[in-house]
Amino acid sequence: MDYDYKRIERKWQAYWADHQTFKTKEDSSRPKYYVMDMFPYPSGAGLHVGHPLGYIASDIFARYKRLRGYNVLHPMGYDAFGLPAEQYAIQTGQHPEITTAKNIKRYREQLDRIGFSYDWSREVRTCDPKYYKWTQWAFLKMFGSWYDNSAEKARPIEELTASFEKGGSGSVNAACDSYEAFSAGEWNSFSEKEKDEILMHYRIAYQGETAVNWCPGLGTVLANDEVREGYSVRGGFPVEQKKMKQWFLRVSAYAGRLLDGLDDLDWTDSLKEMQRNWIGRSYGAEMVFKAHNGGKEYDMHIFTTRADTVFGVTFMVLAPESDLVESLTTPGQKSAVEDYLRLVAKKTERERISETKTVTGVFTGSYAVNPLTGKDVPIWISEYVLAGYGTGAIMAVPAHDSRDYAFAKKFDLPIIPLIAGCDVSEASFDAKDGIMCNSGFLNGMNVKEAIPAAIDYVEKTGIGRRKVNYRIRDAIFSRQRYWGEPFPIYYKDGIPTAIPFDKLPLELPEVDQFKPTETGEPPLARAKNWTYDGYPLETSTMPGFAGSSAYYLRYMDPHNDNALVSREADSYWKDVDLYIGGTEHATGHLIYSRFWNKFLYDLGYVCRDEPFCKLINQGMIQGRSNFVYRVVNTNTFVSCGLKDGYETTEIHVDINLVHNDKLDMEAFKAWRPEFSKAGFILEGGEYICGYAIEKMSKSMYNVVNPDEICDTYGADTLRLYEMFLGPIDQSKPWDTNGIDGVNRFLKKFWRLFWNGDEFLVRDDKAGAEELKVLHKLISKEQYDIEHFSYNTAVSSFMIAVNELSDYRCSKKEILEPLVIMLSPFAPHICEELWEALGHDESVTYASFPEYIEKYTIENECTYAVSFNGKTRFTVSLPKSLSSGDVESRIMSMDQTARYTEGKTVVRVIVVQGKIVNVVIK
RNA sequence: GCUUUGGUGGUGGAAUUGGUAGACACGAGGGACUUAAAAUCCCUUGGGCAGCAAUGCCUGUACGGGUUCAAGUCCCGUCCGAAGCACCA
């Protein structure tokens, strides 16, 4: 029998499906292991070879863990709500549900061909009402909760109102977006509507009005991570700022916990760093400067990380959007300020970014008192101060902050240096280092001492207090789209009200068209009877990240109608042990998911504070495009190596017409009518194409479909090859040039078992050499798989198989463990060989061979060599040597002496008469 | 600008974390088998020098220094690439 991969792969894929080989149940007798992929958005283009990279890596690990005796949960599903299906629906009128179902079917077919060990009985789809019932449920829980800063956790809103009734707003330390104090008496006298408006500032899912990223091209608002450089990530449409009423999630309340929680996670440093930057914690102080305009006095709150520099404050700056702008503008400056505000408002986000170098601003006409010097400083307005961060106002210290410096230079404001010997004639001195001067009681201190000393003083005198600030903003949670989860909210006399839990899910209604209404309302406004209990329902839908924020919990218990996840399932599976996916979700999904999980943890629905223990980011697979070179004004194509002799145009050529950069000229002529009469200038009888590394895309004809690889080489070759390509976390171009090598390895492996129809495997006892090959491989595979060095793991198989071929080793004792070890990588061929070896159960139920004495080499003995009282190394030497011989062998070895015994090479390094180390290969 | 991460043959990449640099694979060249091709197998392959030869010597991990018996790996400086953040006070 030859290695007939087509027959084998069909056979075993059917076998796994029929026998439900990978169906997983809770089993308290075995340790659990949860391996998860970031589920895909099923796009119309289907899978390309880049997608399975991470899936293969996780599948190998899942299969490996099964062989190690773990009860493995390895599910898959679809992130099925999203813009492309909706855009397609707007253009064609086809319901997104139909498109999505079609795409999912295609994805499933493609995934099945690669031989993944998913438990498909646990599949989830975010667009399935049975699934999004729990997305809506979580939203309602957030709507019905507030964040207690003192307890550092979310609590039910009823506990908040109870506190208000007894002690007013002062009785709680809550996360809140606008603070207006009220007493218990005042609270109790408020109307329902007033109470509700106040509670809205405390809810974890709340409605608020802010400037949002409005994308007219898509007709919806976007989250910050969906916007890049003023354009939408999806579609590339311009994005502008617009004030709108929106739903928010109070992610900012969790900023501290999201940041601290990172420390214990087994994620890459770069990814943790990205999240740290995104959350952006800074320690400092909030201070009050007394500002005055005419006879009136106002409190100007500012945040600073450099409380030590208050003596150098020479002016104050407000953000243009600040509430204080109006009160602090003097009649004389009124028109200048209004002109400036109009100028700023006209600018789009895009323009603001591109003009960061130009300094703009206007004087309000009023002054504030520097609380430490008692002197008046002018208050300015400038767009370089952001309304959304801190308090929307700053104290400016031009000597020690480059932005303040640029502003002071432009508007000719004084600059007072505060650090002895620093030069501020050309630029500000931003470094936190040096001895303070011109700073009253801080004089003589180092900056690092002066910062806490200044804050202590500020707190003591009541000017301000310690404060931690975060950069992260609350997540905007509504989209003016059709294809998303409807909000389980209706408006009872204008008050947003929750639909009762037992009425969930609130299903998406039918609409006649999927675009916004003529009046600019979201598509759901087109639905007939979009009401609840006679009141209008919310017409926006939830964003993409809603459905993906807790799907890992749903996999644990996917068919439960009474809970997102049952207590039993949650306490067994706990959290995801290994999560594999791309870096592009670093500041989106991976933050929202952690937030969502922490919230559910606070309310006691899940047992773990963090959802993903270990996270691996697989690299992107780029396309490798091929080019042909047409000689200008001819229909003649010149081979790449000779193209410098001609004037040519570079043309993308379909990579399916090219093998190892050699063009199939007949296929090229047949590709397109205009090339049917093409002529070629060849080198060495071949047409060699040029190549470039680019993104995989249809327009560059460089998309490689995994189906094609499965057709020509088989799924096992595809799996091995994707792993062999390089470390999984690295981005690399797809390059089929090496795929023959991997395919050759599988054929060679097969030939250890079969010579034509003759089955070669015998029960003979294995020799020392063969056992050594196996012994080495077991330890290597174990190490490599657990360190995700799959590329070297594959190499090690190749070496072992080459060596065994040299010995013509077809012994069961050696090959059986080999099949088990290779089965996570190439499951189909291994199942087939496992069956040929006489097993009637899937290799899935075998156990990974252990590295034990059984495989040690009988003729050798391992010696431990000590030096300075410590065991420094071990040496394998023949058993036949006497102990004196062993000692003299080792001691007589000179520096870098080489010593060979059988196939063992011993290298001993002796320095100044002492052995330093020995290397054995 | 800040943060993170890299720089090793013609190519993708190894190197047990400080211990024979270039594993394994591709490509290339040579050979065997074959009427021929495919398939398969064997040899050579960082650069340089010496030798009929087995082999030996020198050099070599972006560049310049340093620590060490020993550096691709650690430290300092320089150059280049990739990714993320970017008026965050």
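Treat the numbers as computed from the prediction; the structure is a model and nothing was measured. Labels below follow one simple rule: chain letters A, B, ... track the order of the sequence lines, proteins then strands, and each chain is numbered from 1.
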Task: P gap between B:rG64 and B:rU73, integer Å - done: 13 Å
Task: Glycosidic class, syn or anti, of B:rU17 using a 90° window around 0 - done: syn
- [ ] Calculate the interatomic distance between A:Lys732 atom NZ and B:rG13 atom P; express it in whole Å.
- [x] 8 Å
- [ ] Take atom CG of A:Asn743 and atom C1' of B:rA38, then tell me their distance rounded to the nearest Å.
- [x] 14 Å
- [ ] Determine the Euclidean distance between corresponding P atoms of B:rA83 and B:rG31; express it in Å to zero decimal places.
- [x] 46 Å
Task: P gap between B:rG27 and B:rA39, integer Å - done: 10 Å
TODO: Verify the ring-centre separation between A:Phe407 and A:Trp380: is it less than 6.0 angstrom?
DONE: yes
Task: Euclidean distance for P, B:rA53 against B:rU59 (whole angstrom) - done: 23 Å
- [ ] Compare side-chain N and O positions of A:Asn791 against OP1 and OP2 of B:rA14 and report whether any pair is under 4.0 Å apart.
- [x] yes
Open item on the list: Between B:rA62 and B:rU11, how far apart are the two P atoms, rounded to whole Å?
Closed with: 14 Å
Task: Donor-acceptor side-chain pairing of A:Asn617 and A:Thr583 below 3.5 angstrom - done: no
Task: Between A:Asp784 and A:Thr792: side-chain donor-acceptor atoms closer than 3.5 Å - done: yes
Open item on the list: For B:rA62, give the paired nucleotide (Watson-Crick: N1-N3 plus N6-O4 or O6-N4; G-U: N1-O2 and O6-N3; both under 3.5 Å), or none.
Closed with: B:rU78
Open item on the list: I want to verify the glycosidic state of B:rG9; is it syn or anti under the 90° rule?
Closed with: syn
Open item on the list: Could you tell me the Watson-Crick or G-U partner of B:rA23, where both distances fall under 3.5 Å? Say none if there is no partner.
Closed with: none
Open item on the list: Below the 4.0 Å mark, does B:rA86 have OP1 or OP2 next to a side-chain nitrogen or oxygen of A:Arg471?
Closed with: yes
- [ ] Identify, residue by residue, the members of residues 265-273 of chain A with a heavy atom below 4.0 Å from RNA chain B, and return them in order of residue number, or none.
- [x] A:Ser270, A:Glu273
Open item on the list: Expressed as a whole number of angstroms, how long is the span from A:Lys776:NZ to B:rC24:P?
Closed with: 10 Å
- [ ] Tell me, with the steps shown, if A:Glu781 and A:Phe825 meet side-chain contact (heavy atoms from CB on, under 4.5 Å).
- [x] CA-CA 11 Å; A:Glu781 289 308 320; A:Phe825 295 85; 4.1 Å; yes
Task: Distance-only side-chain donor-acceptor flag, A:Tyr340 / A:Thr360, under 3.5 Å - done: yes
- [ ] Round to the nearest Å and state the distance from A:Tyr405 atom OH to B:rG1 atom P.
- [x] 18 Å
Open item on the list: Can you measure A:Leu746 atom CG to B:rA39 atom C1' for me and round it to whole angstrom units?
Closed with: 16 Å
Open item on the list: I'd like to know if A:Asp263 pairs up with A:Arg276 as an ion pair, taking the criterion as any Lys NZ or Arg NE/NH1/NH2 lying under 4.0 Å from an Asp or Glu carboxylate oxygen.
Closed with: yes
TODO: May I have the distance from A:Lys467 (atom NZ) to B:rA89 (atom P), rounded to whole angstrom?
DONE: 13 Å
Task: Closest nucleotide among B:rG84, B:rC42, B:rA89 to the A:Met274 side chain - done: B:rG84
- [ ] Determine the interatomic distance between C1' on B:rC58 and the same-named atom on B:rG66; round to the nearest Å.
- [x] 25 Å
- [ ] Return the value, rounded to whole Å, for the distance between atom CD1 of A:Ile451 and atom P of B:rA89.
- [x] 12 Å
Open item on the list: Less than 3.5 Å apart, any donor N or O on the side chain of A:Arg594 or A:Tyr592 sitting next to an acceptor on the other?
Closed with: no
Open item on the list: For B:rC85, give the paired nucleotide (Watson-Crick: N1-N3 plus N6-O4 or O6-N4; G-U: N1-O2 and O6-N3; both under 3.5 Å), or none.
Closed with: B:rG1
Task: Residues, nucleotides or ligands: over 12 heavy atoms within 6.0 Å of A:Asn802 CG - done: yes
Open item on the list: With a 4.0 Å cutoff (strictly under), does any side-chain N or O of A:Arg744 reach OP1 or OP2 of B:rC26?
Closed with: yes
TODO: Classify the side-chain pair A:Thr717/A:Asn743 by whether it contains a donor and acceptor separated by less than 3.5 Å.
DONE: yes
TODO: Verify the contact: side-chain N or O of A:Tyr384 to OP1 or OP2 of B:rA89, cut-off strictly under 4.0 Å; return yes or no.
DONE: no
TODO: For A:Ile799, answer base if it contacts any base atom (sugar-phosphate contacts may also be present), sugar-phosphate if it contacts only those atoms, and nothing otherwise; contact means non-hydrogen atoms under 4.0 Å.
DONE: sugar-phosphate
Open item on the list: Taking only the P atom of each, what is the distance from B:rC24 to B:rU68 in whole angstrom?
Closed with: 36 Å
TODO: Could you tell me which nucleotide pairs with B:rA50 by Watson-Crick or G-U wobble geometry, both distances under 3.5 Å, or answer none if nothing does?
DONE: B:rU55
Task: Phosphate contact (B:rC41 OP1 or OP2) by A:Arg751 side-chain N/O below 4.0 Å - done: yes
Task: Nearest-nucleotide pick for A:Pro727, side chain only, options being B:rC41, B:rA14, B:rA89 - done: B:rA14
Task: Mate of B:rA37 where both pairing distances stay under 3.5 Å, Watson-Crick or G-U - done: none
Task: Residue A:Tyr389, side-chain atoms from C-beta onward, closest of B:rA89, B:rA23, B:rA25 - done: B:rA89
Task: Interatomic distance at C1', B:rG10 relative to B:rG22, whole Å - done: 14 Å
Task: Most 5' of A:Tyr783 and A:Asn802 on RNA chain B, judged by nearest nucleotide - done: A:Tyr783
Open item on the list: I want to verify a distance call: between B:rC24, B:rA89, B:rC85, whose nearest atom is closest to the A:Trp278 side chain?
Closed with: B:rC85
Task: Position toward the 5' end of RNA chain B (nearest nucleotide), A:Asp806 or A:Val794 - done: A:Val794
- [ ] Can you tell me the distance, in whole Å, between the CG atom of A:Asn617 and the C1' atom of B:rA83?
- [x] 11 Å
Task: Flag for A:Asp404-A:Tyr384: side-chain donor and acceptor within less than 3.5 Å - done: yes
- [ ] Please work out whether the ring planes of A:Phe749 and A:Phe745 are parallel, tilted or perpendicular, with thresholds of 30° and 60°.
- [x] parallel
Open item on the list: Just to be sure I understand the rule, does A:Lys748 reach a base, reach only the sugar-phosphate, or reach nothing, if contact means heavy atoms closer than 4.0 Å?
Closed with: sugar-phosphate
Task: Nucleotide nearest A:Thr792 (side chain, heavy atoms from C-beta), chosen from B:rC87, B:rA15, B:rG84 - done: B:rA15
- [ ] Respond yes when some side-chain nitrogen or oxygen of A:Gln730 is under 4.0 Å from OP1 or OP2 of B:rG13, and no when none is.
- [x] yes
